2 protein chains.
Amino acid sequence: MIAQNQFATASNEIIANSVICHGHHVELKNQLFEISSLQEVRAKEVIFWEGDPSNYVYEVLEGVVLLYKLTPDGRRQITDFVYPGQPFGLGARGQHRYTAEAVTGARLCRYSHERLDQSMASFPALGHTFLEWTSNELAAAQDQMLLLGRKSAMEKISSFLLRLSERSDERHDDPLNLFVPMTRNDIGDYLGLTTETVSRTITLLDKMGVITRPDQHNIVIRDFDHLVDLADDDNDTW
Amino acid sequence: MIAQNQFATASNEIIANSVICHGHHVELKNQLFEISSLQEVRAKEVIFWEGDPSNYVYEVLEGVVLLYKLTPDGRRQITDFVYPGQPFGLGARGQHRYTAEAVTGARLCRYSHERLDQSMASFPALGHTFLEWTSNELAAAQDQMLLLGRKSAMEKISSFLLRLSERSDERHDDPLNLFVPMTRNDIGDYLGLTTETVSRTITLLDKMGVITRPDQHNIVIRDFDHLVDLADDDNDTW
DNA sequence: CGGGGGTTTGACTAGTATCAAGTGAGGTGG
DNA sequence: CCACCTCACTTGATACTAGTCAAACCCCCG
């Protein structure tokens, strides 16, 4: 059984190291710590649905979470993959604007919206932090709009792999190994493609010698520079 | 000649009525007013380029502004059309992440970033305002991602017209007249379509009896309910 | 060893882009 | 005041990318 809402002593260290707490006064840190709680979720478990009342702001401590919206007839658009150290569920006044679901098993840190507002009142620096985060999210969303509206399948997949490589804080060895926790279907719903097109494009990159695939959830970048070219320019010579 | 940076007495009233000033204490209002300046731009004039150092936050007072990003080979994605009462150029720490260009002639209100930070320090309420705006922008961006990644040309155009109709604060008469200041090309670059597809789809809506087109920049919605259906469900009976 | 979910591959289709030509309206200069 | 020029838009024919439908594969797990 997975414990929810627990305040186990072992968890304190993790929460204390969360990004929301980081970089603030000791006084504020303590206050934030007090209104935080740990939540653990299994792979594919829904954390909240679009339309649910929004009571918490979340931060990923371990694992990966995906955020998505649906059309009335069930087509899905994933708007973001959230990695450790990143928050989600922020801008929602009243109710959530998207569904949040765990890709892998994950540990989350929750902060009560209501009590966060109180903290913000006494510590304006906290508001700054949130504003900066939301701004970064917005900038990322605008990049994604450019990708969705104007890039080919090959450019989309290449851009996606490059973004994954930026997140892997391992040194940029060449070849570079990427862990890809999400399914081909998830990748498709993120890039505006079908599962089949994602699969075909990845296969093509393999045949071109740009990547290799040790297994489903790992991709090795063998020719980084070529991948960079493919990410922004469809008319390469392949 | 267009006056820039002017502090004409006639403009004071306009700036004082801007959204940034609205809803705040008199004291803060005065402070904001002091650091604001009016800027007028002609149609198609660039206000700032992606990569430019970001010195100001802007608010549209009159007219329409569009924001866009480019791929290295020149494909364009418009991320937003900004209408009176809406800000832009906000989240940019250091340099702008997109280009801003006037669709029509426009009047803008500028606030110095630097001095805005000072004001935020003494008036936390201002930070709240900015956070709320940025959150709204983010929510809109996520809706747009769903549109770009998962909707057909007909759904995109229909959704676009419906959004325009929400902005027109005229009462919802049926038929409802929409003023469309941007070109077909702009609409295409916003929806991830070509000029030709935009034109064809609008023509089709006309032939279906859903809209009429008095002229290039005006569209009349004749069958609002049908348009709503078309916006989310491609499999209608046309 | 058998079942199921995710992935890959293949054949075919459809929707939108591309290329090209023609139309219409507003602005400018003669 | 009218002719012309330009730019945006429309329309048509064709190409091509990615989607759809279908089947086979693979691996993990029971």
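Since the structure is predicted, the reported quantities are computational estimates derived from the model, not experimental observations. Chain letters run A, B, ... following the sequence lines, proteins first, then strands; residues in each count from 1.
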(request) Identify, between Q216(A) and G192(A), the residue whose nearest nucleotide on DNA chain D lies closer to the 5' end. (result)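 The residue closer to the strand's 5' end, by nearest nucleotide, is G192(A).
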
From [atom1] of [X] over to [atom2] of [N], roughly how many Å is that when rounded to an integer?
X       : N       : atom1 : atom2 : answer
D186(B) : dC7(D)  : CG    : P     : 16 Å
M154(A) : dC16(D) : CE    : C1'   : 16 Å
R213(B) : dA8(D)  : CZ    : C1'   : 13 Å

Could you please name the option among [options] that lies closest to any side-chain atom of [X]?
X       : options                   : value
S199(A) : dT9(C), dG6(C), dT10(D)   : dT9(C)
T197(A) : dT10(D), dA17(C), dA18(D) : dA18(D)
S152(B) : dA8(D), dT16(C), dT11(D)  : dT16(C)
A153(A) : dA18(D), dG19(D), dA8(D)  : dA18(D)
E196(A) : dC21(D), dT8(C), dA8(D)   : dC21(D)

(message) Just so I know, are the side chains of Y111(B) and E59(B) near enough to count as touching, which here means a heavy-atom distance under 4.5 Å?
(response)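 Yes. Closest side-chain heavy atoms under 4.5 Å.
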
(message) When you measure only distances, ignoring hydrogens and angles, does the side chain of R184(A) come within 3.5 Å of the base of dG5(C) through a donor and an acceptor?
(response) no

(request) Mark yes or no for a side-chain to base donor-acceptor pair under 3.5 Å between R200(A) and dT20(D), with no hydrogen or angle criteria applied. (result) yes

(message) Aromatic contact between F48(B) and Y56(B), with the criterion being ring centroids under 6.0 Å apart: yes or no?
(response)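 So the answer is no for these two rings.
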
(request) Taking the six-membered ring for Trp and the full ring for Phe, Tyr or His, determine whether the centres of Y98(A) and Y68(A) are under 6.0 Å apart. (result) no

(message) Using OP1 and OP2 only, check whether a side-chain N or O of T195(A) sits under 4.0 Å from dT8(C).
(response)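 No, because none of the side-chain N or O atoms of T195(A) sits under 4.0 Å from OP1 or OP2 of dT8(C).
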
(request) Ignoring backbone atoms, establish whether T194(B) has a side-chain N or O less than 4.0 Å from OP1 or OP2 of dA17(C). (result) yes

(request) May I ask you to say what N185(B) touches in the nucleic acid, namely base, sugar-phosphate or nothing, with a heavy-atom cut-off under 4.0 Å? (result) sugar-phosphate

(message) Considering every strand and a 4.0 Å limit on heavy-atom distances, what is the contact class for K44(B): base, sugar-phosphate, or nothing?
(response) sugar-phosphate

(request) Could you tell me whether the side chain of K69(B) and the main chain of R97(B) form a donor-acceptor pair under 3.5 Å? (result) yes

(message) Would the distance check show the side chain of R150(B) and the main-chain N or O of R76(A) forming a donor-acceptor pair, the cut-off being under 3.5 Å?
(response) yes

